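First up is the structure itself, then whatever we jot down about it.
Model, not experiment: these values are computed from the prediction. Computation of the quantities below employed the complete heavy-atom set of this structure, encompassing side-chain atoms and omitting hydrogens, waters and symmetry-equivalent molecules. Throughout, a chain's letter reflects where its sequence line sits, starting with A, and its residues are numbered from 1.
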2 protein chains.
Amino acid sequence: MRTAEAILETMHERGCRVTGPRRAIVEFVLEQCEPFSAEDVFRALRRVQPTIGRATVFRTLDLLAELGVVERVHHPSGTHRYVVSSDGHRHHVVCVRCGRVAAFSGCNLEPILASIADQTRFRILDHWLELSGLCQACQGETMAVSR
Amino acid sequence: MRTAEAILETMHERGCRVTGPRRAIVEFVLEQCEPFSAEDVFRALRRVQPTIGRATVFRTLDLLAELGVVERVHHPSGTHRYVVSSDGHRHHVVCVRCGRVAAFSGCNLEPILASIADQTRFRILDHWLELSGLCQACQGETMAVSR
DNA sequence: CTCCTTATGATACTCAGTATCAACTAATCA
DNA sequence: TGATTAGTTGATACTGAGTATCATAAGGAG
Ligand SMILES: [Mn+2]
Ligand SMILES: [Mn+2]
Ligand SMILES: [Zn+2]
Ligand SMILES: [Zn+2]
C-alpha cells in the first residue's frame, strides 16, 4: 500500500503538479477500504475544502486510475466505483436483504485466472470478485421472497 | 442458444405480453455476437420500425437481463453493453485499453464460494466476477503506458 | 367481442461525467 | 528572490445514458 507522499512524488515525476486538491483527494482515497464513488469523494472533501470543484475530483480520479492507484469497478447502478488497487486482496459479500457487508480474504483464483488467460488470450491484470447472498440474520426470513 | 420464440414464450409464462417491439428486439439481440449498447438496438430497429421508442428498448433489455437472456457487461466508457448469454454460466474479461470483451466459461468457483460461505456465514446466492486486462491486440502497444 | 391489465412512445427530467475557459499557481530558473 | 510558463483549478454550460410520467394503444383470458 503506497503512501500519499509516494503517490504525489510519482505524479511529480510525470510532470504533474502537486496541488492542494490533489493532495487532499489522494489522502482521502487511501483511507477508503470500501468501494467509493466520485460523488463520495466530492461530498467528503467539500466539508474540509468548500472551494473544491467537482471537475477536479473526476480529473484526479482519472489520473489516479491511470497511475494504477485506484481501479474503476462496475457497479450495477450504472455509475462507477473506485477501489484502491494495492489494497492486498479484500473482497466482500453483500446481503441482498439488509445490505450488511462482510469481508473475506484468501480468494485463490490463480488457477482459474490462468485457464482464462489461456482461453481468451487476454493478459489478466486484475480481478474483482463480489458476492451477494443472505447474511446469517436474514436467512430465516425469506419465505416472502421465494418465488 | 435459445430461439426467439422460446424466449417470447418464457415472457408469456411470466405474465408479460408478447408485443411487436419485444419480438423485434429479441430477434435483433439474438443476431448479435459482439457486445452492443442499448443505443445500437435503438438505431438498428428504428430503420425497420420508425415508431419504436427509446424507453421501450431500455425496458426490454432490462427484462431480457432479468430473464438471463442477455448480460450487462461493464464498458470503460461508462455506458453498459449487453451480450447474449450462451447457455451455462459465463463471465467476461474487459480490455482496459480498447474495451473489447471476451467471454469465458467454466469458472469453477464452487470450492471458493463454499469456503467463503463457511467463513462469513452468508448463504451465497450470486457472484460477480469481473476481470480486466489486455486483449491480444493491445498487448503489443503498452510501452508508453508501462510503469 | 369485452374488459382489464400491461405495454408503448412522447415528453420531460435526472444526474454522472465532460468540455471550455479565464483566473490561478506550482515549479523551474535567472 | 522574482519573472516566466505550462499545468491546474473551479464556475459554468453542456452531453447523453438512463428513468419517471402519463395518456393512449394493444395483448390476451374468458
Ligand atoms: Mn482476489
Ligand atoms: Mn459499468
Ligand atoms: Zn442481511
Ligand atoms: Zn484491447
Review point. For Arg81(B) and dG16(D), what is the distance between atoms CZ and C1' respectively, to the nearest whole Å?
Key: 13 Å
Check your understanding: Does the Glu71(A) side chain pair with the main chain of Val83(A), one donor and one acceptor, at a distance under 3.5 Å?
Key -> no
Exercise for review: Could you state the atom-to-atom distance from CZ of Arg14(A) to C1' of dT8(D) in whole Å?
Suggested key: 16 Å
**Study point:** Listed partners of Arg72(A) passing salt bridge (charged side-chain N to carboxylate O under 4.0 Å, His left out), at least two apart
**Key:** Asp62(A)
Review point. Arg43(A): what forms a salt bridge (charged side-chain N to carboxylate O under 4.0 Å, His left out) with it, not counting sequence neighbours?
Key: Asp40(A)
Exercise for review: Encode nucleotides 16-30 of chain C as B, S and - characters from 5' to 3', where the letter depends on protein heavy atoms closer than 4.0 Å: B to the base, S only to sugar-phosphate, - to neither.
Suggested key: SBB-B----BBSS--
Point to revise | Minimum heavy-atom distance Ala38(A)-Tyr82(A), with the two atoms named | key: N-CE1, 4.1 Å
Review point. Is there a donor-acceptor pair under 3.5 Å between the side chain of Ser37(A) and the backbone N or O of Arg81(A)?
Key: no
Review point. Whole Å only: how far is the CG atom of Leu8(A) from the P atom of dT8(D)?
Key: 13 Å
Practice item. Ignoring hydrogens and angles, tell me if any N or O in the side chain of Thr10(A) forms a donor-acceptor pair with the backbone of Ala6(A) under 3.5 Å. Key: yes
Practice item. Calculate the interatomic distance between Arg23(B) atom CZ and dT6(C) atom P; express it in whole Å. Key: 20 Å
Revision key, fill the gap. To the nearest angstrom, the CD1-P distance between Ile52(B) and dA25(D) comes to 18 Å
Check your understanding: Expressed in angstrom and rounded to an integer, what is the separation of Phe42(B) atom CZ from dG18(D) atom C1'?
Key -> 13 Å
Exercise for review: Could you tell me which residues satisfy salt bridge (charged side-chain N to carboxylate O under 4.0 Å, His left out) with Arg121(B), sequence neighbours excluded, listed by chain and number?
Suggested key: none
Practice item. Find the bend of the helix from dC1(C)-dG30(D) to dA30(C)-dT1(D) as the angle between its two terminal axes (five pairs each), to the nearest 10°. Key: 40°
List the atom pairs, donor and acceptor, that lie under 3.5 Å between side-chain atoms in residues 17-25 of chain A and the rest of the protein, sequence neighbours left out.
unit_1	atom_1	unit_2	atom_2	d
Thr19(A)	OG1	Arg22(A)	N	3.3
Arg22(A)	NH1	Arg17(A)	O	2.9
Arg23(A)	NH2	Glu5(A)	OE1	3.4
Arg23(A)	NH2	Glu5(A)	OE2	3.2

